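Shown next, in C-alpha cells, is the structure this report addresses.
These numbers were taken from a predicted model, which means no experiment stands behind them. Whatever order the structure lists ligands and atoms in, that order sets their numbers, starting from 1.
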Amino acid sequence: MIDNDKTHFDAIVIGTGFAGIYMLHKLRNELGLKVRAFDKASGVGGTWYWNKYPGARADTESFVYRYSFDKETSEGWDWRNRYVDQPEMLGYLQAVVDRHGLAKDIQLKTGIDSAVFDEVRHVWTLTTSTGELFTTRYLVNAVGVLSKIVIPQIPGRDKFQGQIVHTGAWPADLSLEGKRVGVIGTGSTGVQFICAASKLARHLTVFQRSAQFCVPAGSRQVSEAYVAEYKNNFEQIWDGIRNSRIACGFEESGVSAMSVSEEERQKVFEHHWEIGNGFRFMFGTFSDIAVDPAANQAASDFIRAKIRQIVKDPDTARKLCPTDLYAKRPVCTNDYYETYNLPNVSLVSLPENPIKELTANGVLTEDGVEHKLDLLVFATGFETVEGSYNQMEIRGRGGETLQHHWKDAPSSYLGVATAGFPNMFMVLGPNSAFSNLPPSIESQVEWIGELIGWAEGESTPVIETTREAEEAWTATCKEIAAYTLFPKVKSWIFGENIAGKSSRVLFYFGGLAGYRAKLREVADADYEGFILHSDPSSMVA
Ligand code: NA7
C-alpha cells in the first residue's frame, strides 16, 4: 500500500511561486485539507526564485504586483519603490509563507516527474525526482506560464571557452564586474538586463533580432503619502483592479486614439512617456492601441521619434527602430535607449548581420567580426505554458498523456481544467486571462478553492470538465484574440517564439473583469461545463 498517512494527501500543489503559495494556503488553511506543495527549486518564489539576473524586477507597479488576500503582509511591508526588484519580491513571498505557516508543508528540491490518474481509486499517483511516491485526490499545477527556458541552437556552442547562462537560470553568485558580456534577446528581460549590465560590465554587446518598443518605466521611490493612500483605500483599490481589463491599477483609457486631434494625441503620449510604464502606455493612453492599426501606428511613430531623439548615432537609432506593429507584450525600463549612447555598449542587428557561430573567444558574425566575450547571456525567453507541463509525464483518463491531449495546441476550460484529467486543476493554464498576473492568479486560486470546497461538501470525489466546454472556451479565446493586433506579430504570447511552432491561442484577451464575470457565471450555473460525479469509470470521455 503506497498511500499511508505520510504519502497520501487530499491535494498536492506543484510549484511554489505566487500561484502555488496561495493555493497551498487556500486548500490547507481555509478548506482544512491535507496538502503538500512541491518545488524543484531549493527555495520558494517560482519565477522570482529563478530570475536573479541583474536588473530583474516586476514592471507592473508594486501595489498591484502582490497579493490582495494578505492585507497584513502588505500593510507591514516597508514599500519604498514604484517597482519591486527580485530580491525584495522573494523576501515578500517568503514573508507570506512565514505568516501563514506554510513552510512545513512545502517540500523543496523535489521535482514531479509523473502524475498518473487511477480511474478505479480516484487518486493521482505522483513520482518525484527524489524517487518518492505520493498519492492525492486533487492535483493542482501551479507551474507558471514562463518557466521552461529556451536556449537557441547556435553552431560552435561547445567551442566557446567563456560562460553561457540564461537569465531564467541565473547563478546567484555570477558577477559581471569587469567582464566582456554579450546578450542575445531584447524582450522584457533583455531590456532590464541590458540597462543593468551596461553599468557593470567592461563591455556589453547586444545581439538584437527584433528591435523593441520600450517606454520608460518611471522607476522612482514612492512617497509616504502614496503608501498611506494605498493602505487607506486597500479594498477600493483592489476592487478597481479586479474590475479592469489589464489589472495594472491605472485608469484604462476609453478614448480611441484617432478620435482626438494630432496635437491632443501627442500630448497624451508625451504625458504617459513622462509617467512611465509599458502597460500604461499601451492601455492608458488610448483604448485601441492594441486593436486599431491606425492607433497602433500613431503610438509606434511616437516611440520611434523618441528613439531618434535619444540615440546619438543615427545608424544605431535606425537599428533600434522597430518596423513591426507595436503588439508584443509591452516592455518598459528606465533609460533603455540612452544605454546605447554609452561608450561600453555596442549593438549588432542580427537581421543585417547574423551570428555565424560561437568561437573559443566569443561570437563570430557574418561580417567576419569576432565579438570577444567572457560571458554570453541568453535572454531568449521561455516556452509558454506547455513548456512548464512537458517536463512531467501527466496521464489522465485511459492513460492519455497531457502531451497527446495537447498535441495540436494546449487548451483548457477557463484556464483551470482540461478534459480527460479529472480532479486536476491548473493555475494560469492555457487560455487564462491576459493581465497583470497576481490578480489573475488570485481569481483562479479562489475559484478553484471554491469548486473543491463545494465538491467536498457534496461528497463528490471527481470533478472534470468536458471536451465540449473546453472546445467552446478555446473558440471564444480565438475569437477575441483575432480582434486584437497581438496575433499579427510573432511572440511568446502565441507560442511563436519557438522555432517550428505555429501560432496558437494561449490567453483570454477579454480582460480580467470579463474573465471573472465568466467564472462567476459558471459557478452560479452549478459549474456548467464540469461534471461532478462519484464514479469516474462511468464517465464517457
Ligand atoms: P521574450 O519576450 O520571449 O524575449 C526573448 C528575446 O530573445 C526576444 O528579443 C527574441 O527576439 C530574442 N530571441 C529569441 N530567440 C532568438 C534567437 N534564436 N536569436 C536571436 N534572438 C532571439 O522573453 P523575455 O524573457 O524577455 O520575457 C518573457 C516574459 O517574461 C515577459 O514578457 C514577462 O511577462 C515575463 P524576437 O523578438 O523573437 O525576434
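- Screening F509, Y515, F494 against F434 for a ring pair (Phe, Tyr, Trp, His ring centres under 6.0 Å) leaves a single residue, F509.
- Counting only heavy atoms of the protein, atom 28 (C) of ligand 1 lies nearest to W492 NE1, 3.7 Å.
- Ranking protein heavy atoms by distance to atom 10 (C) of ligand 1, first place goes to R209 NH2, 4.2 Å.
- Proximity of F207 to ligand 1, defined as any heavy-atom pair under 4.0 Å, is not found for any part of the residue.
- N436 places a side-chain N or O within 3.5 Å of a backbone atom of V64 that can act as its donor or acceptor partner.
- Counting only N and O atoms by type, the side chains of Y53 and Q192 include a donor and acceptor under 3.5 Å apart.
- Shortest contact from atom 9 (O) of ligand 1 to any protein heavy atom: T186 N, 2.9 Å.
- Interface of G381 with ligand 1, defined as ligand atoms under 4.0 Å from a residue heavy atom, comprises 3 (O), 5 (C), 23 (O), 25 (O).
- The side chain of K328, and not its backbone, has at least one atom closer than 4.0 Å to an atom of ligand 1 (non-hydrogen atoms only; side chain from C-beta on).
- Residue Q212 places no heavy atom under 4.0 Å from ligand 1.
- Scanning the protein for heavy atoms near atom 33 (C) of ligand 1, the closest one is R329 NE, 3.5 Å.
- Per-residue contacts place P152 under 4.0 angstrom from the following atoms of ligand 1 (heavy atoms of the residue considered): 17 (C), 18 (N).
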ring-ring contact (aromatic ring centres under 6.0 Å, His included) assessment of H166 paired with F382: CA-CA 10 Å; H166 189 286; F382 304 86; 5.7 Å; yes

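- Of the protein's non-hydrogen atoms, the one nearest atom 27 (O) of ligand 1 is T189 OG1, 3.7 Å.
- At a 4.0 Å heavy-atom cut-off, ligand 1 touches L350 through the side chain alone.
- Neither side chain, E496 nor S491, offers a donor N or O lying under 3.5 Å from an acceptor on the other.
- The single protein non-hydrogen atom nearest to atom 5 (C) of ligand 1 is A379 O, 3.4 Å, given as residue, atom name and distance.
- Closest to atom 36 (P) of ligand 1 among all protein heavy atoms lies S210 OG, 3.4 Å.
- In summary, the side chains of D367 and T365 do present a donor paired with an acceptor at a separation below 3.5 Å, with no hydrogens or angles considered.
- For W79, the ring-ring contact (aromatic ring centres under 6.0 Å, His included) partners are W77, Y92, not counting sequence neighbours.
- Among protein heavy atoms, the minimum distance from atom 12 (C) of ligand 1 is reached at G185 CA, 3.7 Å.
- Annotation: cation-pi geometry satisfied between K52 and Y49 (NZ/CZ under 6.0 angstrom from ring centroid, within 45° of ring axis).
- Between S188 and ligand 1, an N or O atom pair is found at a separation short of 3.5 Å.
- Ring centers of F18 and Y65: under 6.0 Å apart, within the cut-off.
- Nearest residue to atom 35 (C) of ligand 1 from I355, L146, T380 is L146 (criterion: closest heavy atom).
- Between the side chains of Q212 and T186, no donor-acceptor pair is found at a separation under 3.5 Å.
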